[in-house]
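Order of appearance sets the numbers: ligands from 1, and atoms from 1 within every ligand. Hydrogens, waters and symmetry mates play no part in the numbers below; they use all other heavy atoms, side chains included.
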Amino acid sequence: MNPYRLVLKISQDEIQKRIHALATQIRNDYRGKDLLLVGVLKGAFIFLADLVRSLDLPVEVDFIRIASYGASTASSGGITLSKDLECTIDGRDVLVVEDIVDTGVTMQWLMAHLECRHPQSVKICALIDKYERRTVQVPVHYIGFRIPSGFVVGYGLDFAEKYRGLQGIYEVVFDTVEGSHAGQL
Ligand code: 5GP
């Protein structure tokens, strides 16, 4: 593998301030409702942990894990659940907490999957919206940060299972003679 550098994109301080603002917005929208936060493993685990502590609402938390097979394409045929919810969502307000919406394929599949179970509502809260890479339309109701593209790690996000524990969010930049290949990961 080519050598690479991690370049700080979003500091710990910026993340915490943004989560505080997101939590205020979510609290105002869901006050008095029976809110279930669904964390998408593994990447969203730190984001969810910080968000739920900022929310100051009596929410329930559950997790789901998605397995994607093959390259990400516009087809949802390669997506399945490797861990399902443990609670029922019939008639409930559900907020999916995701790390990154990139092409949108994963979230489009998950929304369809959850809507079959007749929740009262399902919305998405994503730490990062990689808007330039979108290939399918999916509504992202709460967005932490918008970045055009690039592969990022830290704050729960991995590169081959490394770097999840970094406090900030970093872009992986490959050093090659031709230049950066970070967007190709
Ligand atoms: P999508 O189906 O939207 O193309 O892909 C979303 C998933 O791809 C995310 O949940 C995440 O697991 C992974 N992903 C997309 N971009 C990145 C990135 O920059 N860094 C990391 N660590 N994972 C990413």
Proximal atoms of ligand 1 relative to Gly150 (non-hydrogen, under 4.0 Å)
19 (O)

Given the rule that I, L, V, M, F, W and Y join up when any side-chain heavy atoms are under 4.5 Å apart, are Leu36 and Val122 in one cluster?
yes

Should the ring pair Tyr4 and Phe174 be called parallel, tilted or perpendicular, given that the plane angle runs from 0 to 90° and is split at 30 and 60?
tilted

Short version for Met107: what comes under 4.0 Å of ligand 1, heavy atoms counted, is neither

For the pair Leu95 and Tyr142, evaluate side chain to side chain contact (heavy atoms under 4.5 Å, CB included) and give the outcome as yes or no after the intermediate values.
CA-CA 10 Å; Leu95 183 61; Tyr142 303 97; 3.8 Å; yes

Minimum distance, heavy atoms only, to atom 14 (N) of ligand 1: which one of Leu127, Val40, Ile100 is it?
Ile100

When you measure from atom 19 (O) of ligand 1 to each heavy atom in Leu110, Leu157, Ile147, Val152, which option holds the nearest one?
Val152

Tell me the contacting part of Ile66 for ligand 1: side chain, backbone, both, or neither, using a 4.0 Å heavy-atom threshold, strictly below.
neither

When you measure from the side chain of Thr103 to the backbone of Val105, do you find a donor-acceptor pair of N or O atoms at a distance under 3.5 Å?
yes

Stepwise, does the salt bridge (charged side-chain N to carboxylate O under 4.0 Å, His left out) test hold for Asp129 with Arg134?
CA-CA 9 Å; Asp129 175 13; Arg134 198 75 88 255; 2.4 Å; yes

So if I count the atoms of ligand 1 from 1 in the order they appear, which ones are less than 4.0 Å from some heavy atom of Gly104?
1 (P), 3 (O), 4 (O)

Chi angles and distances behind the salt bridge (charged side-chain N to carboxylate O under 4.0 Å, His left out) call for Asp56, Arg27
CA-CA 8 Å; Asp56 194 24; Arg27 190 184 312 120; 5.1 Å; no

Heavy-atom nearest option to atom 22 (N) of ligand 1, drawn from Asp158, Ile79, Val136, Thr103
Asp158

For ligand 1, which atoms sit closer than 4.0 Å to a heavy atom of Asp99?
9 (C), 10 (O), 11 (C), 12 (O)

Would you please test Arg92 and Asp62 for salt bridge (charged side-chain N to carboxylate O under 4.0 Å, His left out) and show each step?
CA-CA 13 Å; Arg92 303 191 66 183; Asp62 202 347; over 6 Å; no

Need the ligand 1 atom indices (1-based, order shown) with element for anything under 4.0 Å from a heavy-atom of Glu98.
10 (O)

Is it the case that over 12 heavy atoms from other parts of the model lie below 6.0 angstrom from the NZ atom of Lys83?
yes

Using only atom types and a distance under 3.5 Å, with no angle test, would you say the side chain of Arg18 pairs donor to acceptor with the backbone of Ile143?
yes

Answer side chain, backbone, both or neither: which part of Lys130 comes under 4.0 Å from ligand 1, heavy atoms only.
side chain

Report yes if some N/O of Val101 lies less than 3.5 Å from some N/O of ligand 1; otherwise report no.
no

Heavy-atom contacts with Thr106 under 4.0 Å: which atoms of ligand 1 show up? List them by number with element.
1 (P), 2 (O), 5 (O), 6 (C)

Evaluating non-hydrogen atoms only, which member of Phe159, Phe151, Tyr163, Tyr155 is closest to atom 21 (C) of ligand 1?
Phe151

